[in-house]
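Since the structure comes first, as structure tokens, the remarks are kept for the end.
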Number of protein chains: 2
Amino acid sequence: MKPIKISEAVVRRLPIYLRFLNELSVSNIHTVSSQELGEKLDLNPAQIRKDLAYFGEFGRKGVGYNVDYLIEKIRQILKLDKTLNVALVGTGNLGRALCNYNTYIKDNMKIVAVFDADESKKGSMINRLTVQPMNELKETVQQLDISVGIITVPAAEAQNVADQFIASGVRGILNFAPVVLKAAPGVRIHHADFTAELLSLAYYMDSINGSNEGDEF
Amino acid sequence: MKPIKISEAVVRRLPIYLRFLNELSVSNIHTVSSQELGEKLDLNPAQIRKDLAYFGEFGRKGVGYNVDYLIEKIRQILKLDKTLNVALVGTGNLGRALCNYNTYIKDNMKIVAVFDADESKKGSMINRLTVQPMNELKETVQQLDISVGIITVPAAEAQNVADQFIASGVRGILNFAPVVLKAAPGVRIHHADFTAELLSLAYYMDSINGSNEGDEF
DNA sequence: TAGATTGTTAATCGATTAACAATC
DNA sequence: TAGATTGTTAATCGATTAACAATC
């Protein structure tokens, strides 16, 4: 409970830990060391220990970490111990794919409303949810206690959607549109920017010789 | 042409620059300063200047950067001046969404082949491409000179697909499956890990008061 | 007890930012 | 010339890694 500022890099790794620990748990493995974790997740064991130690003493010296206990603790840290309701705007291919992808549920994040600016899509169904028009956004966000918004609209409309989300009271946004969005203070925006990931991949793509690093320039 | 090692953080920003410069270009804006770039992209202007200066002197003191010239240069740096062929494995919702999403084309990355382990999908069409079975992967990668692979299969199969990609000669992989993949040296793997982005968002979601940072712990 | 592994401090490494001379 | 903005060095900040005492 010390008021130490946790860096973003640390927070970003927590879901990675959680995910692998879940795998261990279903495989009935009950103890894991930072060593093993590091090997599987391609991370330095010291880093893993340090990351976890920011939040408490979860391990046992000489033994390692109890898998299920650590899962419980990380879920608490990430505030995934109670369900977060999510709204999605943009029912193109990607938006529909995400709606159908209900992995979230086991992680306590659940898409509970879907919107599209295209009025002609109003009323169509996606994975048991009815597509709603944008003018219902604010009311729905408040009624369903939605705290997270997902944006899967074209780049040109993304900031507008973000603004509407924020005005509705959403406090976190996951943006898939290839633009940098601005948020009001107190609202957190994460970017799922796979086109950037893909293009930056190209940079590393010349070295026929096997050198992993971009050279030449 | 100095042999200076460019950091990943720098390379990851280049597509962000490129994307915004493209917007400026279509708006007929021909000059931009690091100042303006920084404001729009939420980055420090000094950082932008430094990033670009790793690769050459692209600006003019007292003036700024020529938009179209900078676009050309960044595309060269990222090796997007010639088309890279891409294969995708996994034709679930997400895979199909990505196939239809042909933004890549203008960036010289083109999905030219699609595969699925499910034999029953063999022969079906996605955006003008015929879904092929996995046993054709290697041959196709070599024949079509495919250098990048996209993985959109379930987590449990992702490493296997990655291994097949690597054995086929692919040198870059964009992985959408929620697992950490291991690569042979000389093969670059980028992770498009949106579930992790979503879960880490939850961490920042409590502060009703508007403080942006995770506190309490 | 002997062996293992944590939690944590100190050392290192890398990335961001500030500042400013150079110059358009 | 005066104003603006780059390229670059130096200063700062932050994140990773090594090392080891504590202890199970």
Side-chain angles (χ1 to χ4, degrees), chain A residues 1-14 16-17 21 24 29-70 73-74 77 180 200 203 212-214 217, chain B residues 1-14 16-17 21 24 29-70 73-74 77 180 200 203 212-214 217:
Chain A
M1 295 296 160
K2 334 125 199 170
I4 286 167
K5 174 85 161 295
I6 308 297
S7 85
E8 294 198 16
V10 173
V11 176
R12 281 231 157 66
R13 281 189 291 267
L14 296 177
I16 313 288
Y17 301 155
L21 290 165
L24 292 179
I29 294 168
H30 298 297
T31 303
V32 69
S33 67
S34 60
Q35 180 69 229
E36 298 167 274
L37 242 19
E39 270 161 31
K40 293 298 186 175
L41 302 178
D42 246 330
L43 294 169
N44 184 301
Q47 180 169 69
I48 295 174
R49 293 199 299 279
K50 199 163 198 278
D51 283 356
L52 297 173
Y54 282 116
F55 304 98
E57 305 203 354
F58 302 145
R60 288 223 297 161
K61 293 178 197 199
V63 178
Y65 298 91
N66 177 290
V67 171
D68 292 307
Y69 180 69
L70 195 50
K73 282 300 174 186
I74 295 180
I77 295 163
V180 176
S200 64
Y203 177 80
N212 212 0
E213 304 304 332
F217 264 104
Chain B
M1 298 294 160
K2 334 124 202 171
I4 287 168
K5 174 84 161 295
I6 307 297
S7 85
E8 294 197 18
V10 173
V11 176
R12 280 232 157 65
R13 282 189 292 267
L14 296 177
I16 313 288
Y17 301 155
L21 290 165
L24 292 179
I29 294 168
H30 298 298
T31 302
V32 69
S33 67
S34 60
Q35 180 70 227
E36 298 167 273
L37 243 18
E39 270 160 31
K40 293 297 186 175
L41 302 178
D42 247 329
L43 294 169
N44 184 301
Q47 181 170 66
I48 296 174
R49 294 199 298 280
K50 199 164 196 282
D51 283 356
L52 298 173
Y54 283 116
F55 303 99
E57 304 202 354
F58 302 145
R60 288 222 298 159
K61 293 178 195 194
V63 178
Y65 299 91
N66 178 290
V67 171
D68 292 307
Y69 179 69
L70 194 50
K73 283 300 174 186
I74 295 180
I77 295 163
V180 176
S200 63
Y203 176 80
N212 212 0
E213 304 304 333
F217 264 104

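Here is how names work: the chains are called A, B, and so on, in the same order as the sequence lines, proteins then strands, and each is numbered from 1.
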In whole Å, what is the span from the [atom1] atom of [X] to the [atom2] atom of [N]?
| X | N | atom1 | atom2 | answer |
| --- | --- | --- | --- | --- |
| A:Phe55 | C:dT8 | CZ | P | 14 Å |
| A:Ile48 | C:dT6 | CD1 | P | 9 Å |
| B:Phe58 | D:dG7 | CZ | P | 9 Å |
| B:Leu14 | C:dA15 | CG | C1' | 15 Å |
| B:Leu52 | D:dT8 | CG | P | 12 Å |
| B:Asn44 | D:dT5 | CG | P | 15 Å |
| A:Lys61 | C:dT5 | NZ | C1' | 9 Å |
| A:Lys50 | C:dT9 | NZ | C1' | 9 Å |

So, does [X] get its side chain near the phosphate of [N], meaning an N or O under 4.0 Å from OP1 or OP2?
| X | N | value |
| --- | --- | --- |
| B:Ser34 | D:dT5 | no |
| B:Ser7 | C:dA15 | yes |
| A:Arg49 | C:dT6 | yes |
| A:Tyr65 | C:dG7 | yes |

Measure from the side-chain heavy atoms of A:Ala46 and tell me the nearest of C:dA15, C:dT5, D:dT17.
-> D:dT17
In Å and rounded to the nearest 0.5 Å, what is the [atom1] to [atom2] distance from [X] to [Y]?
| X | Y | atom1 | atom2 | result |
| --- | --- | --- | --- | --- |
| B:Thr31 | B:Asp68 | OG1 | CG | 9.5 Å |
| B:Leu52 | B:Ile77 | CG | CD1 | 7.0 Å |
| A:Leu24 | A:Leu37 | CG | CG | 7.5 Å |

Flag side-chain contact, heavy atom, 4.5 Å: A:Val32 against A:Tyr17 | no
Residue pair A:Val10 / A:Phe55, side-chain heavy-atom distance below 4.5 Å | yes
For the side chain of A:Glu36 and the backbone of A:Ser33, is there at least one donor-acceptor N/O pair under 3.5 Å apart?
-> yes
Evaluate the side-chain contact (heavy atoms from CB on, under 4.5 Å) criterion for residues A:Tyr203 and B:Arg12: first the C-alpha distance (whole Å), next the side-chain angles of each, then the deciding distance (0.1 Å), finally the verdict.
-> CA-CA 9 Å; A:Tyr203 177 80; B:Arg12 280 232 157 65; over 6 Å; no
Nearest-nucleotide 5' precedence on DNA chain D, A:Gln47 against A:Gly62 | A:Gln47
5'-most by nearest nucleotide on DNA chain D - A:Asp51 or B:Gln35 | B:Gln35
State the dot-bracket string of DNA chain C. Criteria: Watson-Crick or G-U wobble, both atom distances under 3.5 angstrom; notation: ( ) intrastrand, [ ] crossing earlier pairs, | interstrand, . unpaired.
-> ..||||||||||||||||||||||
Just call it for A:Glu57: base, sugar-phosphate, or nothing, with non-hydrogen atoms closer than 4.0 Å on any strand.
-> sugar-phosphate
